[in-house]
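None of these values were measured; they are calculated from a predicted model. Just so it is clear, the values below take in all heavy atoms, side chains as well, and ignore hydrogens, waters and symmetry mates. One-based numbering, in listed order, for ligands and for the atoms of each.
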Amino acid sequence: MKQIRIRGGYSLSGNISISGAKNSAVALIPAAILSDDTVTIDNIPEISDIDALNDILEYLGAKVKREDTIMTIDSTSIINKEIPEEISKKLRASYYFMAALLGKYNKVEMYFPGGCSIGARPIDQTLKAFKTLGATIVENDGKYTITAEELKGATIYLDMPSVGATINTLLVATKAKGETIVENAAKEPEIVSVATFLNTMGAKITGAGTSQIKITGVEHLHGGFTEVIPDRIEAGTYVIAGALLGDNLTIRNIIPSHIDSLTSKLQEMGYPLKITEDTITISKIDIKKPVDIKTLGYPGFPTDLQQPMTTLLTLCDGLSTIEETLYENRFQNVPYLEKMGAKIKQRGRTILIEGVDSLHGEHVVATDLRAGACMILAGLVADGETVVASVEHVLRGYDNIIHKLQNVGAKIELEEI
Ligand code: EPU
């Protein structure tokens with residue numbers, strides 16, 4: 001077990017360089033197995049979710065090479081066998097293999113995916129897309145056996161713009177016969193990066209990044225190369241760290257437009273930001289105006305930044321609100337912030353945050369990945385010492401977080417217990 005110990009109150013200055021996006025890399029890796037050749041992906045982040053996907057690739061018999069941030073995947077030796085529950089439940093993104101194996105072999109056997117416990121997270125939209133494309137699904141005790149005599153293009157209307165269902169549909173439809181149209185598709189940059197990657201391998205996808213995506217199926221995908229886009233959630237988390245404690249803290253290697261929803265809120269709060277083509281520089285300010293936030297799909301305010309942002313709002317001058325519209329259980333960080341001195345009331349899917357002058361160090365828990373980021377930010381700004389337990393959740397999604405923060409002046413250590 002691991003925990004993080006933080007001595008709070010130190011300012012942060014210098015540079016933090018952002019790694020490849022978790023939620024892009026975890027889709028590109030399963031997408032790679034659709035190729036009938038070797039593919040290379042650069043800018044892979046060093047996080048445990050990638051190790052879990054690596055395990056699935058090796059379990060299936062793919063040949064994987066990892067050198068620094070480069071991953072080379074040769075799927076020609078894959079054996080399409082059942083993916084056991086203990087592997088699939090390690091992460092949400094395991095279900096991208098459901099789509100990739102179905103697309104490639106017309107058959108897949110695996111279990112319900114895992115992921116942070118932030119809500120029910122059903123997969124009905126993915127299953128609806130598989131069925132519409134011609135698959136038959138048998139579910140038995142959490143195990144899905146999905147088969148198709150022939151996958152045929154069709155129009156799929158998603159009930160909500162689900163990131164996972166959109167990517168899964170792209171993966172299957174790329175190998176289906178004829179044209180598929182996804183209506184009400186998710187528009188996240190991670191969708192665009194998967195579509196671009198598939199196109200470099202020979203797929204025919206247009207419209208990714210809009211709510212209507214068209215896919216014309218192809219028989220074969222050849223080898224290809226892609227680079228993972230910068231992680232907008234990691235970037236946003238460190239921008240918030242700069243808002244709390246920055247003394248000219250620069251976040252580098254980012255696509256600033258991917259976090260416009262965050263930077264516009266910070267500007268509303270009174271932060272002057274220096275934004276270039278690939279950096280944002282931010283310093284803390286004394287008086288922070290309160291704001292109201294509602295989480296939405298891209299380009300709205302990302303749910304994945306809601307918990308880190310809550311830490312900042314606990315220290316605003318007045319009453320802020322956050323409405324979480326995506327997940328029913330993404331406020332597990334709130335009791336721990338309250339333990340540290342925050343004043344927060346929950347009303348259904350909304351929290352009301354009354355700003356306080358300071359937080360104080362405490363023993364707290366990272367109940368999930370982004371709750372962990374929230375607690376680390378709280379520890380960095382709090383008076384005294386904070387210990388964050390269960391940080392395995394954080395290491396699933398933040399590349400080298402301890403070193404990145406130490407390098408800019410934070411007093412933070414990872415401890416084995
Ligand atoms: N939903 C359904 N049915 C479905 C699919 C989704 O009801 O079949 C609902 C979900 O319950 C949720 C909403 O639709 O309320 C959106 O879910 P979505 O499918 O878009 O989320 P996801 O693909 O499971 C990805 C990220 C999440 C991120 C969301 C939203 C990955 C591996 N995960 O999840 O990231 O919160 O998109 O942007 O890409 C994280 O990184 O901490 C994280 C949880």
Identify which one of Ile6, Thr386, Leu337 satisfies the side chain to side chain contact (heavy atoms under 4.5 Å, CB included) criterion when paired with Met375.
-> Leu337

Can you find an N/O atom of Met160 closer than 3.5 Å to an N/O atom of ligand 1?
-> no

Salt bridge check: are Asp36 and Lys104 linked by an N-O gap of less than 4.0 Å?
-> yes

For Leu326, the ligand 1 atoms whose distance to one of its heavy atoms is below 4.0 Å = 12 (C), 15 (O), 16 (C)

Residue and atom name of the nearest protein heavy atom (relative to atom 24 (O) of ligand 1), distance in Å to one decimal = Arg92 NE, 2.9 Å

Which option, Tyr327, Tyr95, Tyr298, owns the non-hydrogen atom nearest atom 27 (C) of ligand 1?
-> Tyr327

Which protein non-hydrogen atom lies closest to atom 8 (O) of ligand 1, naming both residue and atom, and how far is it?
-> Gln125 N, 2.8 Å

For atom 25 (C) of ligand 1, which protein heavy atom lies nearest, and how many Å away is it?
-> Val163 CB, 4.0 Å

Indicate the ring-plane relationship of His258 and Tyr298, choosing parallel, tilted or perpendicular according to the 30° and 60° boundaries.
-> perpendicular

So does Lys404 pair up with Glu234, basic N to acidic O under 4.0 Å?
-> yes

Got Leu249 and Ile16 here, is their nearest side-chain heavy-atom distance under 4.5 Å?
-> yes

For Glu86, what residues pass the salt bridge (charged side-chain N to carboxylate O under 4.0 Å, His left out) criterion, not counting sequence neighbours?
-> none

Atom 42 (O) of ligand 1: nearest protein contact (heavy atom, Å) | Arg370 NE, 2.9 Å

Answer yes or no: is there an ion pair linking Lys22 with Asp399, defined by an N-O contact shorter than 4.0 Å?
-> no

of all protein heavy atoms, closest to atom 39 (O) of ligand 1 is Asn23 CG, 3.1 Å

Basic-acidic side-chain contact under 4.0 Å: Asp49, Arg92 = no

For ligand 1, which atoms, with element, lie under 4.0 Å from some heavy atom of Leu369?
-> 42 (O)

Among all protein non-hydrogen atoms, which one is nearest to atom 19 (O) of ligand 1, and what is the separation to 0.1 Å?
-> Ser162 OG, 2.6 Å

Residue of the set Tyr144, Phe97, Tyr95, Tyr111 for which side chain to side chain contact (heavy atoms under 4.5 Å, CB included) holds with Ile83 = Phe97

Taking only heavy atoms of Arg330, which atoms of ligand 1 are found under 4.0 Å from at least one of them?
-> 36 (O), 40 (C), 42 (O), 43 (C), 44 (C)

Please report, to 0.1 Å, the donor-acceptor pairs under 3.5 Å made by any side chain of residues 146-157, with sequence neighbours excluded.
residue: Glu150; atom: OE2; partner: Lys177; partner atom: NZ; Å: 3.0

Numbered atoms of ligand 1 (with element) below 4.0 Å of Lys22, judged on heavy atoms = 40 (C), 41 (O)

Which protein heavy atom lies closest to atom 34 (O) of ligand 1, and at what distance to 0.1 Å?
-> Arg121 NH2, 3.4 Å

Quick one: which of Gly164, Ser94, Ala165, Pro122 has a heavy atom closest to atom 5 (C) of ligand 1?
-> Pro122

Among Gln306, Arg330, Gln346, which one satisfies side-chain hydrogen bond (donor to acceptor under 3.5 Å, both in side chains) with Glu324?
-> Gln306

Heavy atom of the protein closest to atom 43 (C) of ligand 1 (residue, atom name, distance) = Asp304 OD1, 3.4 Å

So the atoms of ligand 1 within less than 4.0 Å of a heavy atom of Ile118 turn out to be 44 (C)

For ligand 1, which atoms, with element, lie under 4.0 Å from some heavy atom of Ile123?
-> 8 (O)

